[in-house]
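Have a look at the structure below before the remarks.
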Amino acid sequence: MNRLFTKSLCTSSAAGANLKPPPPDPAAVSKLILSSPTTTTLQSPLSPNTPWTPHLVNSILKRLWNHGPKALHFFHLLDRRHRNYIHSPSSFNLAIDIAARLHLHTTVWSLIRRMRSLRIGPSPKTFAIVAERFASSGKPDKAVNLFLNMHEHGCSQDLASFNTILDVLCKSKRVEKAYELFKDLRGRFSADVVTYNVIVNGWCLIKRTPKALEVLKEMVERGISPNLTTYNTMLKGFFRSGQVRQGWEFFLEMKKRNCGIDVVTYTTVVHGLGVSGEVKRAKKVFDEMIREGVLPSVATHNALIQVLCKKDTVENAVLVFEEMLRKGYEPNVTTYNVLIRGLFHAGEFTRGEEMMRRMEEEGGCEASFQTYNMMIRYYSECGEVEKALGLFERMGSEGCLPNLDTYNILISGMFVRKRSEDMVVAGNQGFSKEILRSQSKSGSRLTKKFRL
DNA sequence: TTAGGGTTAG
């Protein structure tokens with residue numbers, strides 16, 4: 001940690017004797033924190049002059065997202081020992097999120113108390129974060145209680161926070177629970193169009209479109225007019241639950257009734273038709289929107305590119321990508337990830353690698369852990385362990401830290417090959433218990449399979 | 001972070 005503040009870790013070397021030290025480089029600091037053998041050896045000689053900013057701290061916390069204990073240790077060191085720096089509410093929220101993911105409830109509450117003592121929170125967002133973690137770890141009742149008691153922690157309950165807790169429950173598929181709470185409290189909080197949209201979306205997320213339609217009917221009866229978001233939500237619900245014909249008819253009805261259909265409507269239809277295999281119709285809708293004067297977004301292109309990769313040919317997907325560039329669109333990480341995946345899926349590994357290079361050099365996009373994990377998975381599955389390990393090494397050096405999924409993918413690739421020397425490599429790459437115990441966002445099946 | 005569209009494969 002001493003080295004945290006030496007020149008080599010800083011973004012600029014212009015630190016003269018009388019100048020303030022330059023800001024630390026988030027990638028270098030993150031790697032240093034990560035490479036400390038244990039959290040206890042990470043001591044805190046934090047220079048009082050280091051110009052920390054919320055942006056920098058947040059950037060480091062995000063980089064260490066899959067290495068929660070280390071991220072929290074860094075946060076605490078800065079909070080307790082650095083007199084010139086006070087954490088921002090957004091950094092607190094990130095730290096609380098990390099602690100909640102690790103089920104460190106004592107830490108969560110001490111951070112909330114600390115926010116309150118500094119008079120910078122907690123905000124409704126803070127409670128939304130904690131509630132989300134409760135709901136997604138099988139404790140929806142705790143999430144509800146948190147909302148019901150939030151006023152005791154200095155945060156008022158209002159319609160916005162009511163809508164938020166309902167949305168949190170719905171997004172973690174606890175729709176029945178959300179619906180109960182909604183029916184109990186909709187009078188007290190004067191449920192509005194947002195409240196109803198959240199519930200409609202909830203039923204759609206678990207593919208119960210008849211219930212969603214029921215809520216839609218009910219909101220009309222109660223004098224709350226559905227808006228375009230309501231209709232787009234319902235439309236997506238039909239396609240998601242495989243009701244392609246109903247989705248199409250709903251779309252025609254939306255056009256007929258002049259709901260002011262927008263780019264989201266069209267993107268939903270392009271994607272919905274495409275994934276059900278109706279590629280030609282999807283392309284027709286894409287062309288139609290342009291004729292109708294609704295400009296496709298990057299997301300619309302991504303939808304089309306994805307369905308072409310999956311249900312047509314990757315060559316046609318590449319054509320859409322090139323066309324997109326000609327029109328002046330700036331592809332994003334999703335665009336590249338979808339295309340690279342399509343190329344790898346078609347066995348075009350070299351072209352996939354080339355697309356990754358373009359992503360970074362021409363597209364100005366940093367490869368994400370999704371990019372790496374996907375490529376490592378394809379290489380592992382076909383026995384190209386060396387290629388997979390090469391990418392794994394690049395990951396660390398480019399500031400995109402491997403997560404638990406990465407390790408699982410690599411290990412399973414090695415098990416497939418069953419070579420003893422791979423196991424030695426695995427040891428050398430630091431597949432330690434500590435890393436493997438760290439939290440994984442997606443909770444991969446392989447975690448259980450290879451639990452150490 | 002009060003609501004809607006675009007990332008794995010199995």
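Just so it is clear: chains get the letters A, B, ... in the order the sequence lines come, proteins before strands, and each one is counted from 1.
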Does A/Phe344 have A/Arg341 sitting over its ring (NZ/CZ under 6.0 Å from centre, angle to axis within 45°)? no

Counting distance alone, no hydrogens or angles: does the base of B/dT8 have a donor or acceptor under 3.5 Å from a partner atom on the side chain of A/Arg377? yes

Would you say B/dT8 has OP1 or OP2 under 4.0 Å from some side-chain N or O of A/Lys310? yes

Kindly point out which of B/dT2, B/dA3, B/dT1 is positioned nearest to the side chain of A/Ile129? B/dT1

I'd like to know if the side chain of A/Thr233 pairs up with that of A/Thr230 as donor and acceptor (distance under 3.5 Å, no hydrogens or angles considered). no

Indicate, yes or no, whether a donor-acceptor pair under 3.5 Å links the base of B/dG6 to the side chain of A/Asn332. yes

Distance-only, no hydrogens or angles: does the A/Asn403 side chain make a donor-acceptor pair with backbone N or O of A/Thr406 under 3.5 Å? yes

How far, in whole Å, is B/dG5 from B/dT1 if one measures between their P atoms? 14 Å

Reckon A/Thr334 touches a base, only the sugar-phosphate, or nothing at all at heavy-atom distances under 4.0 Å? base

What contact category does A/Asn227 fall into here, base, sugar-phosphate, or nothing, at under 4.0 angstrom with non-hydrogen atoms? base

What contact category does A/Leu159 fall into here, base, sugar-phosphate, or nothing, at under 4.0 angstrom with non-hydrogen atoms? nothing

Does anything in residues 171-188 of chain A come within less than 4.0 Å of DNA chain B? Heavy atoms only, and list the residues if so. A/Lys171

To the nearest angstrom, how far is A/Ile305 atom CD1 from B/dG6 atom P? 15 Å

On the 0 to 90° scale, with breaks at 30° and 60°, tag the A/Tyr407-A/Phe392 ring pair as parallel, tilted or perpendicular. perpendicular

Taking the six-membered ring for Trp, are the ring centroids of A/Phe182 and A/Phe162 within less than 6.0 Å of each other? no

Closest approach to the side chain of A/Val264, judged atom by atom: which nucleotide of B/dT2, B/dG5, B/dA3 is it? B/dG5

Would you say A/Ser136 and A/Ser172 are linked by a side-chain donor-acceptor pair, where the criterion is simply a distance under 3.5 Å? no

Would you classify A/Ser123 as touching base, sugar-phosphate or nothing, given that sugar-phosphate means primed atoms plus P, OP1 and OP2, and contacts are heavy atoms under 4.0 Å? nothing

Within 6.0 angstrom of A/Leu148 CG, more than 12 heavy atoms from elsewhere: yes

I need the CG-P distance between A/Leu235 and B/dG6, as an integer number of Å. 11 Å

Assess whether one donor atom and one acceptor atom, taken from the side chain of A/Thr267 and the base of B/dG5, lie less than 3.5 Å apart. yes

Measuring to OP1 and OP2 of B/dA9, would you say a side-chain N or O of A/His345 lies under 4.0 angstrom away? yes

Mind checking if A/Thr126 touches a base, just sugar-phosphate, or nothing, with heavy atoms under 4.0 Å? nothing

Once ring pair (Phe, Tyr, Trp, His ring centres under 6.0 Å) is applied, what residue pairs with a partner in residues 256-310 of chain A remain, sequence neighbours excluded? A/Phe251-A/Tyr266, A/Phe286-A/His301, A/His301-A/Tyr329

Report yes if a side-chain nitrogen or oxygen of A/Tyr378 is closer than 4.0 Å to either non-bridging phosphate oxygen (OP1 or OP2) of B/dT8; otherwise report no. no

The side chain of A/Val198 is closest to which nucleotide in this list: B/dG6, B/dT2, B/dA3? B/dA3

Candidate nucleotides B/dA9, B/dG6, B/dA3, ranked by approach to the side chain of A/Arg341 - the nearest: B/dA9

Between B/dG6, B/dT2, B/dA9, which nucleotide gets closest to the side-chain atoms of A/Val194? B/dT2

Scan A/Asn337 against the nucleic acid and name what it touches under 4.0 Å (heavy atoms): base, sugar-phosphate only, or nothing. base

Could one point to a donor on the side chain of A/Thr265 or the base of B/dG5 with an acceptor on the other under 3.5 Å away? no

Separation of atom CE in A/Met234 from atom P in B/dG5, rounded to whole Å: 13 Å

Look at all strands and tell whether A/Val298 reaches a base, only sugar-phosphate, or nothing, counting heavy atoms closer than 4.0 Å. base

Whole angstroms only, please: what is the CG-C1' distance between A/Leu339 and B/dT8? 15 Å

When you measure from the side chain of A/Arg240, which nucleotide among B/dT1, B/dT2, B/dG5 comes out closest? B/dG5

What orientation do A/His345 and A/Tyr378 show, parallel under 30°, tilted 30 to 60°, or perpendicular over 60°? perpendicular

Could you state the CE-C1' distance from A/Met150 to B/dT2, rounded to the nearest angstrom? 12 Å

How many Å lie between NE2 on A/His301 and C1' on B/dG6, as a whole number? 12 Å

Euclidean distance, atom CG of residue A/Asn163 to atom P of B/dT1 [Å, nearest integer]: 14 Å

Residue pairs passing the ring pair (Phe, Tyr, Trp, His ring centres under 6.0 Å) test with at least one member in residues 209-237 of chain A, sequence neighbours excluded, are none

Students often get this wrong, so: under 4.0 angstrom with heavy atoms, is A/Asp262 touching a base, only sugar-phosphate, or nothing? base

Is A/Val270 touching bases, backbone alone, or none of the nucleic acid, heavy atoms closer than 4.0 Å? nothing

Separation of B/dT1 atom P from A/Asp158 atom CG, nearest Å, is 16 Å

